[in-house]
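Below is one structure, written out as structure tokens, with a few remarks after it.
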Amino acid sequence: LRGQVIALGVQNSLGRPFDAAVIELFGDVPAGGGSTRLTGVMVVDRKSGVLLRLELHSGNAEFALRRTLARIEAAR
């Protein structure tokens, strides 16, 4: 699996700005004795490293993943 930065910039999410890097993901991954094509996008805050969004899709119709940061809590 490989990644390529396709955009950099501020994204406002959850009421605060993030200095985001948008990374396109692509490649072939092992799947049950063979391989399948995987594509997707990952958005990461460059300052903190926090994963803001992850979306993955594959040639296998049963596999798709989408995760988005839902809230931020203060450290205790």
Specify the closest pair of heavy atoms between [X] and [Y], including all atoms of both residues, with the distance to one decimal.
X: Ser58; Y: Leu38; value: CB-CD1, 3.8 Å
X: Phe18; Y: Leu69; value: CZ-CD2, 4.4 Å
X: Val43; Y: Gln11; value: CG1-OE1, 3.8 Å
X: Leu1; Y: Gly27; value: CD1-N, 4.0 Å

Could you tell me the separation between the [atom1] atom of [X] and the [atom2] atom of [Y], rounded to the nearest 0.5 Å?
X: Glu55; Y: Thr68; atom1: CD; atom2: OG1; result: 6.5 Å
X: Asp28; Y: Thr36; atom1: CG; atom2: OG1; result: 7.5 Å
X: Leu54; Y: Arg67; atom1: CG; atom2: CZ; result: 8.5 Å
X: Leu25; Y: Arg2; atom1: CG; atom2: CZ; result: 11.5 Å

Are the side chain of Asp19 and the backbone of Val10 linked by a donor-acceptor contact shorter than 3.5 Å? no
Would one find more than 12 heavy atoms of other residues, nucleotides or ligands at under 6.0 Å from atom CZ of Arg37? yes
Would you say Phe26 and Met42 are hydrophobically clustered, going by side-chain heavy atoms of ILVMFWY under 4.5 Å? no
